Amino acid sequence: CQRRVHGARLGFINERPEYETDPSWSETGDRYVLKLFRDFLFHQSDVGTGRPRVDWGHVVTSLNRLDAGSESKIVLGSRDGANILVVSFAEIKRLIEESFSELLVGAEESSV
């Protein structure tokens with residue numbers, strides 16, 4: 001199931017400690033968008049109370065849109081509210097695929 005693949009790839013990509021000093025994996029590049037998407041997907045909270053929300057419908061619907069490469073736009077916000085980005089699921093899908101491919105290249109190079 002593609003939903004599981006994209007969700008798993010997101011887990012492999014986000015916040016890799018071995019790449020902390022690599023500017024191409026920094027919090028200001030494409031990986032930052034993926035970090036914000038991870039928060040959008042899994043770290044929802046109630047606006048009024050701030051309490052965590054576990055909304056499986058939101059997760060499944062979002063992963064379906066990601067899998068389909070939907071041009072639907074979503075708003076991603078940083079935890080401190082200082083940054084807001086508007087991106088499509090298609091853009092996020094492309095970023096996941098590119099980042100995961102780069103990660104695999106790095107893994108292959110380290111095993112040689």
Side-chain angles (χ1 to χ4, degrees):
C1 178
Q2 283 290 62
R3 281 190 306 254
R4 292 186 189 128
V5 170
H6 284 109
R9 285 181 177 176
L10 195 60
F12 278 109
I13 295 164
N14 280 138
E15 300 180 45
R16 296 211 54 105
E18 65 273 23
Y19 290 136
E20 280 181 347
T21 59
D22 184 341
S24 68
W25 282 80
S26 73
E27 298 245 335
T28 58
D30 292 344
R31 288 8 165 248
Y32 185 62
V33 174
L34 297 180
K35 179 181 177 181
L36 295 181
F37 180 67
R38 187 257 337 258
D39 287 353
F40 168 83
L41 198 58
F42 298 113
H43 298 172
Q44 293 284 308
S45 60
D46 183 84
V47 175
T49 65
R51 285 193 242 161
R53 286 181 47 218
V54 178
D55 184 350
W56 285 104
H58 168 74
V59 172
V60 170
T61 299
S62 296
L63 289 175
N64 282 339
R65 289 179 178 167
L66 178 67
D67 180 39
S70 170
E71 291 296 333
S72 299
K73 304 264 186 195
I74 56 173
V75 176
L76 302 177
S78 61
R79 292 178 184 178
D80 63 3
N83 298 303
I84 296 176
L85 304 171
V86 178
V87 295
S88 71
F89 286 98
E91 291 169 302
I92 294 168
K93 181 178 181 178
R94 180 185 55 78
L95 292 175
I96 289 173
E97 290 169 352
E98 288 174 0
S99 295
F100 192 71
S101 292
E102 289 177 38
L103 185 64
L104 289 178
V105 168
E108 289 171 5
E109 288 173 354
S110 67
S111 66
V112 173

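Quick caveat, the model's predicted, so the values are computed rather than measured. Nothing fancy with the numbering, it's 1 onward along the sequence.
Leu66 has its side chain within reach of Phe37: a pair of non-hydrogen atoms, C-beta onward, lies under 4.5 Å apart.
The two residues Ser99 and Leu34 come nearest to each other via the heavy atoms OG-CD1, 3.7 Å. Scanning both residues, Leu41 and Ser62, for their nearest heavy atoms gives CD1-CB, 3.4 Å. Between Ser45 and Gly50, the shortest heavy-atom contact is CB-O, 3.8 Å. Shortest non-hydrogen contact noted between Val87 and Ile92 is CG2-CD1, 3.6 Å.
Legend: residues meeting side chain to side chain donor-acceptor pair (under 3.5 Å) with Ser101, ordered by chain and number and at least two apart, are absent. For Ser70, the side chain to side chain contact (heavy atoms under 4.5 Å, CB included) partners are Arg65, Ser72, Phe89, not counting sequence neighbours. Annotation: side chain to side chain contact (heavy atoms under 4.5 Å, CB included) contacts of Ala90 (sequence neighbours excluded): Glu71, Ser88. Taking the side chain to side chain contact (heavy atoms under 4.5 Å, CB included) definition, one finds that Val75 meets it with Ile84, Val86, sequence neighbours left out. For Ser78, the side chain to side chain donor-acceptor pair (under 3.5 Å) partners two or more places apart in sequence, or in a different chain, are Asp80. Residues passing the ring-ring contact (aromatic ring centres under 6.0 Å, His included) test with His43: none are found, sequence neighbours excluded.
Counting only residues at least two apart or on different chains, the ring-ring contact (aromatic ring centres under 6.0 Å, His included) pairs with a member in residues 49-75 are Phe40-His58. For residues 44-53, the set of pairs meeting the salt bridge (Lys or Arg N to Asp or Glu O under 4.0 Å) definition, not counting sequence neighbours, comprises Arg53-Asp55.
Between atom CZ of residue Arg9 and atom NZ of residue Lys93 there is a gap of 10.0 Å, rounded to the nearest 0.5 Å. Atoms CG and OH, from Asn83 and Tyr32 in turn, are 4.0 Å apart once rounded to the nearest 0.5 Å. To the nearest 0.5 Å, atom CG of residue Leu85 and atom CD of residue Glu91 are 10.0 Å apart.
Taking Ile, Leu, Val, Met, Phe, Trp and Tyr as hydrophobic and joining them when side-chain heavy atoms fall under 4.5 Å apart, one finds Val47 isolated, its cluster having no other members.
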